[in-house]
2 protein chains.
Amino acid sequence: MPDKAIIHVVDDDASMRGALESLFESVGLGTQTYGAAGDFLAASFADMPGCIVIDVRLPDMNGLDFQAKLTQMGVRLPVVMMTGYGDIPTSVRALKRGAVDFLPKPFRDQDMLDAVMAAIDRDRQRRAIDGDVSQVRQRFETLSPREQQVMLLVTAGKMNKQVAGDLGITEITVKIHRGAAMRKMGARTLVDLVHMAELVKPRRP
Amino acid sequence: MPDKAIIHVVDDDASMRGALESLFESVGLGTQTYGAAGDFLAASFADMPGCIVIDVRLPDMNGLDFQAKLTQMGVRLPVVMMTGYGDIPTSVRALKRGAVDFLPKPFRDQDMLDAVMAAIDRDRQRRAIDGDVSQVRQRFETLSPREQQVMLLVTAGKMNKQVAGDLGITEITVKIHRGAAMRKMGARTLVDLVHMAELVKPRRP
DNA sequence: GGCGGGATCAAACCAAGGTATGACCGGCCT
DNA sequence: AGGCCGGTCATACCTTGGTTTGATCCCGCC
């Protein structure tokens with residue numbers, strides 16, 4: 001494990017914060033606590049792997065709005081919801097919006113730990129994927145505009161001469177751009193380049 | 001729309017079955033009703049697009065077991081759960097296992113229709129993807145064993161001579177198998193073949 | 001026995017991919 | 001002005017990809 005996971009606990013009940021903190025610390029998980037949703041959103045924290053454990057009903061914000069806020073702010077930590085007075089529609093909505101779990105209070109320690117572990121796992125997976133994608137995107141940005149065009153056309157299955165035709169240039173020039181793209185992207189083969197182009201293009205949120 | 005969607009309603013309450021049937025029919029959705037989970041599971045039906053609407057608490061089976069049974073039987077219709085006496089953990093479990101929605105009774109007609117529409121949509125998307133995948137897999141099966149091997153190695157980025165080395169044959173033979181694979185798979189370019197190999201290989205359930 | 005399919009290989013040939021060298025141009029920054 | 005970068009192109013040369021023709025071998029099936 002490179003980074004220790006951090007659990008962000010958001011609850012207005014101080015005793016609950018304390019209980020969760022000692023629970024998480026007891027299994028070696030780092031913990032950060034907040035008394036209000038706003039406190040968390042205002043806090044700047046290193047973007048470390050982990051998750052958020054939050055009560056759906058807080059004085060300053062409800063869980064659904066909190067989720068929306070996170071999305072809007074680009075915070076992509078998985079969320080585990082808990083509640084003392086929740087109803088089914090709320091739990092359904094939370095899960096549909098991506099919450100990992102939804103625990104009614106009181107819950108068993110083990111259930112909370114299971115939920116948190118699942119959330120951390122999801123976060124690690126997302127980070128691994130996002131890391132690859134952004135690395136490839138970053139390299140793609142270092143290509144000159146022409147090189148980018150050529151790469152996209154080539155990885156769409158066009159032959160050099162077709163690319164040349166599409167761009168109104170000669171095949172030789174295409175070869176040069178293509179070679180430069182391969183070098184800069186670190187692609188050994190065309191197949192590699194195709195897979196990278198896959199990561200550059202699509203949107204799947 | 002090629003096929004009309006069918007909603008499978010499973011509930012032991014006859015009046016609920018009737019109410020849902022008329023609700024769905026009123027918006028042009030085909031409906032099939034069952035008084036018990038076993039009735040549905042025993043019924044053989046054309047695999048048409050649609051979804052299942054089922055009460056979580058039935059005399060012969062609960063909703064969670066029903067979901068497991070569906071998976072096991074290879075029935076992949078989306079499930080909308082409903083209940084009169086559900087609790088949050090049940091709803092959470094159902095959604096985590098893939099249910100599209102979970103509606104407490106009584107529900108508003110519009111909520112049920114929204115859920116069913118979302119489920120049908122999900123089903124159509126799945127069918128579209130599955131259709132492509134199984135079509136490619138089917139074509140892949142028509143390749144001779146050698147052609148399959150060559151195709152997989154080539155789409156992994158290996159050069160013909162490397163493939164030849166790996167398989168202990170000459171480059172010429174590789175070219176022949178490769179050409180045959182392209183023809184049989186209907187791939188115009190290597191890029192096409194790479195994308196098809198993508199569909200043949202992975203598992204994502 | 002003969003027939004077909006799968007697998008193997010070779011020779012010959014053509015098309016496409018890839019690199020190196022060298023050159024010219026235009027814009028931009030110092 | 002000079003330098004750098006991006007883009008363009010050419011010539012030359014080599015590697016890889018891809019097809020055709022033709023041939024051999026083995027195996028299972030009618």
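In this text, all values refer to a predicted model and were calculated from it rather than measured experimentally. Residue numbers begin at 1 in each chain, while the letters A, B, ... track the order of the sequences.
- A sub-4.0 Å separation between OP1 or OP2 of dA16(C) and a side-chain N or O of K161(A) is present.
- Distance, Q148(B) CD to dA7(C) C1': 15 Å, rounded to whole Å.
- If you check every strand for non-hydrogen atoms under 4.0 Å, I172(B) touches a base.
- Base engagement by T173(A) is indicated by at least one non-hydrogen atom pair under 4.0 Å involving a base atom.
- Residue pairs that meet the ring pair (Phe, Tyr, Trp, His ring centres under 6.0 Å) test with at least one member in residues 108-160 of chain B, sequence neighbours left out, do not exist here.
- As rounded to whole Å, 8 Å separates atom P of dA7(C) from atom CZ of R146(B).
- Using a 4.0 Å cut-off between a side-chain N of Lys or Arg and a carboxylate O of Asp or Glu, D121(A) and R124(A) do not qualify as a salt bridge.
- The outermost nucleotides of DNA chain D lying under 4.0 Å from heavy atoms of chain B, listed 5' to 3', are dT16(D) to dT19(D).
- Rounding to whole angstrom units, CD of residue E147(B) and P of dG6(C) are separated by 7 Å.
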Full working for salt bridge (Lys or Arg N to Asp or Glu O under 4.0 Å) between D12(A) and R57(A): CA-CA 9 Å; D12(A) 58 335; R57(A) 186 173 308 184; over 6 Å; no

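- Note: CE (M159(B)) to C1' (dG18(C)) measures 12 Å, nearest angstrom.
- Of the residues near DNA chain D, K184(A) and G168(A), the one whose nearest nucleotide (by heavy atom distance) lies more toward the 5' end is K184(A).
- One can place CG of N160(B) at 13 Å from P of dG18(C), the figure rounded to the nearest angstrom.
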Sugar-phosphate or base contact per nucleotide [nucleotides 21-30 of chain C; S, B, -; heavy atom under 4.0 Å]: ----------

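- The only member of T71(A), D130(A), D123(A) that meets side-chain hydrogen bond (donor to acceptor under 3.5 Å, both in side chains) when paired with R76(A) is D130(A).
- You'll find the side chain of F40(A) reaches within 4.5 Å of the side chain of L70(A), heavy atoms only.
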